[in-house]
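Report on the structure given below.
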Amino acid sequence: MIAVKGLSVRLGEREVLTDVDLQVRRGAWLAVIGPNGAGKSTLLKAVMGLLAHRGEVTLDGRPSGTLSPRDRARLVAYAPQTPALPPDMTVFDYALLGRTPYIPYLGRESRTDRDVTGSVLDRLNLTPFAARRLGELSGGERQRVVLARALVQQAPVLLLDEPTTALDLGHQQQVLELVDRLRLADELTVVTTLHDLTVAGQYADHLLLLAEGRAVACGEPAQVLTVPLVSGHFDARVMIEQGPGGRPVVHLVRGEP
């Protein structure tokens with residue numbers, strides 16, 4: 001569903017990404033991990049077409065550079081790490097913005113657009129919040145609303161940049177379980193950036209480890225979350241053991257006082 005070859009991005013004088021390759025099959029979940037400044041968010045923005053880049057990006061077999069913004073938005077929905085949430089806008093109206101790729105220029109939303117939006121809010125248990133203003137929501141509720149807007153696009157690919165940022169443990173789990181259920185039900189292809197290595201290993205099918213703008217490892221969680229790779233690229237003392245389903249769990253090891 002997504003194929004990236006030789007992707008490089010320069011921002012100012014800095015080469016943020018260098019020759020990154022990746023492939024994500026339809027219906028899979030890829031988590032992009034790496035230390036701060038490794039280029040994780042930049043990778044998602046480049047795939048979405050928000051940043052100039054060198055190399056090839058192919059979406060559902062179509063070169064990204066040949067797609068109009070409207071066609072790209074029908075293929076890929078992107079939720080940034082810190083989206084702009086107008087505090088006075090209602091939940092319904094914000095989610096309805098996801099229908100923009102389907103609304104004619106100078107036109108208005110149709111009955112279908114409103115029905116799709118209502119259906120997504122219902123699936124995310126947000127119908128009771130439809131008339132609430134964004135500024136009145138909790139952190140977990142806002143994250144669900146951001147996800148709702150992305151799902152309203154009805155795009156087969158979801159790019160989620162740190163979807164659990166600033167959420168407590170329970171809300172993190174709720175958001176991740178929700179993404180996983182929707183992925184399986186609708187055969188969505190999901191690419192997320194995640195800071196928590198254990199969480200990434202528990203939910204994603206494959207992990208891509210970025211370090212200093214380069215892809216240094218890619219594979220199933222147990223192949224990427226190893227002591228040499230994690231300790232070497234995160235400069236951390238860790239212990240890794242098998243968790244539920246044989247997936248790796250990463251523990252920090254306290255150093256000597």
> Would Thr90 and Asp93 count as a side chain to side chain donor-acceptor pair (under 3.5 Å) if you check the C-alpha gap in whole Å, the side-chain angles of each, and the deciding distance to 0.1 Å?
Replying inline: CA-CA 5 Å; Thr90 67; Asp93 287 343; 3.3 Å; yes
> For the hydrophobic clusters of this structure (ILVMFWY residues joined by side-chain heavy atoms under 4.5 Å, transitively), does one cluster hold both Leu43 and Leu194?
Replying inline: no
> For Arg214, does the CZ atom sit with more than 12 other heavy atoms under 6.0 Å from it, leaving out its own atoms?
Replying inline: no
>> Would you say CZ of Arg183 has more than 12 non-hydrogen atoms from neighbouring residues, nucleotides or ligands within 6.0 angstrom?
In response: yes
>> The test is side chain to side chain donor-acceptor pair (under 3.5 Å); show your working for Asp115 and Thr112 and say whether it passes.
In response: CA-CA 5 Å; Asp115 287 346; Thr112 298; 5.6 Å; no
> If you group Ile, Leu, Val, Met, Phe, Trp and Tyr by side-chain heavy-atom gaps below 4.5 Å, do Leu210 and Val230 land in one group?
Replying inline: no
> Given side chains that start at C-beta, do those of Leu124 and Leu182 come closer than 4.5 Å, heavy atoms only?
Replying inline: yes
> Quick one: does Ser231's side chain have a donor or acceptor within less than 3.5 Å of a partner on Val238's backbone?
Replying inline: no
>> Do Arg25 and Asp205 have side chains that approach each other closer than 4.5 Å (heavy atoms only, starting at C-beta)?
In response: yes
> Atom CZ in Arg72, atom CG in Leu67: separation rounded to 0.5 Å?
Replying inline: 5.5 Å
> Any side-chain heavy atom of Leu59 within less than 4.5 Å of one from Met1?
Replying inline: no
> Closest heavy-atom contact between Leu126 and Ala148?
Replying inline: CD1-CB, 4.1 Å
> Does CG belonging to Asp235 count more than 12 external heavy atoms closer than 6.0 Å?
Replying inline: no
>> Show, in sequence, the C-alpha distance, side-chain angles and deciding distance for Val32 and Thr192, and conclude whether the side chain to side chain contact (heavy atoms under 4.5 Å, CB included) test is met.
In response: CA-CA 6 Å; Val32 183; Thr192 56; over 6 Å; no
> Are a donor atom and an acceptor atom from the side chains of Arg144 and Gln174 found within less than 3.5 Å of each other?
Replying inline: no
> Is the CD atom of Glu141 crowded by more than 12 outside heavy atoms at less than 6.0 Å?
Replying inline: yes
> Of the non-hydrogen atoms in Leu30 and Leu208, which two are nearest, and what is the gap between them?
Replying inline: CD1-N, 3.8 Å
> If you measure from CG on Leu85 to CZ on Arg133, what distance do you get to the nearest 0.5 Å?
Replying inline: 14.5 Å
>> Using a 3.5 Å distance criterion without hydrogens, assess whether the side chain of Lys5 forms a donor-acceptor pair with backbone atoms of Asp19.
In response: no
> Taking only residues two or more places apart in sequence or in another chain, which ones pass side chain to side chain donor-acceptor pair (under 3.5 Å) with Tyr203?
Replying inline: Glu177
>> Measuring only between side-chain heavy atoms, which start at C-beta, is Arg108 closer than 4.5 Å to Asp113?
In response: no
> Closest heavy-atom contact between Leu97 and Arg149?
Replying inline: CD1-NH1, 3.6 Å
> Going through the checks in order, is the side chain to side chain donor-acceptor pair (under 3.5 Å) test met by Arg74 and Gln154?
Replying inline: CA-CA 7 Å; Arg74 292 181 179 184; Gln154 293 186 311; over 6 Å; no
> What's the shortest heavy-atom distance between Leu225 and Ile240, and which atoms?
Replying inline: O-CD1, 3.3 Å
> When rounded to the nearest 0.5 angstrom, what is the spacing between CD in Gln153 and CG in Leu75?
Replying inline: 10.5 Å
> In Å, rounded to the nearest 0.5 Å, how long is the span from CG of Leu7 to CZ of Arg54?
Replying inline: 9.0 Å
>> Using every non-hydrogen atom in the two residues, find where Val152 and Val116 come nearest and quote the distance to one decimal.
In response: O-CG1, 3.9 Å
> Could Arg26 and Glu187 be called an ion pair, given the rule that one side-chain N must be under 4.0 Å from one carboxylate O?
Replying inline: no
> Gln143 and His171: side chain to side chain donor-acceptor pair (under 3.5 Å), yes or no, with the steps?
Replying inline: CA-CA 9 Å; Gln143 288 295 89; His171 284 119; over 6 Å; no
>> Quick test of your reading of the model: are Arg123 and Asp186 salt-bridged, counting only N-O distances below 4.0 Å?
In response: yes
>> Test your reading of the model: is there a side-chain donor-acceptor pair from Thr165 to the backbone of Gln81, 3.5 Å cut-off?
In response: no
> Going through the distances and angles, do Glu15 and Arg10 end up as a salt bridge (Lys or Arg N to Asp or Glu O under 4.0 Å)?
Replying inline: CA-CA 4 Å; Glu15 188 85 354; Arg10 176 175 288 274; 3.3 Å; yes
>> To the nearest 0.5 Å, what is the distance between CG on Asp196 and CD1 on Ile33?
In response: 10.5 Å
> For the residue pair Arg70 and Thr100, what are the closest heavy atoms and their distance?
Replying inline: NH1-O, 3.8 Å
> Considering residues at least two apart in sequence or located in another chain, which fulfil the side chain to side chain contact (heavy atoms under 4.5 Å, CB included) criterion with His233?
Replying inline: Leu209, Ala211, Val216, Leu229
> Going by atom types only, do Ser119 and Asp122 share a side-chain donor-acceptor pair under 3.5 Å?
Replying inline: no
>> Looking only at side-chain N and O atoms, does Glu241 offer a donor or acceptor that is under 3.5 Å from a partner on His251?
In response: yes
>> Please determine whether residues Leu44 and Leu22 belong to a single hydrophobic cluster, defined as Ile, Leu, Val, Met, Phe, Trp and Tyr linked transitively by side-chain heavy-atom distances below 4.5 Å.
In response: yes
>> I want to check a possible cation-pi pair here: Arg132 against Phe129, using under 6.0 Å from ring centre and within 45° of the ring axis as the test.
In response: no
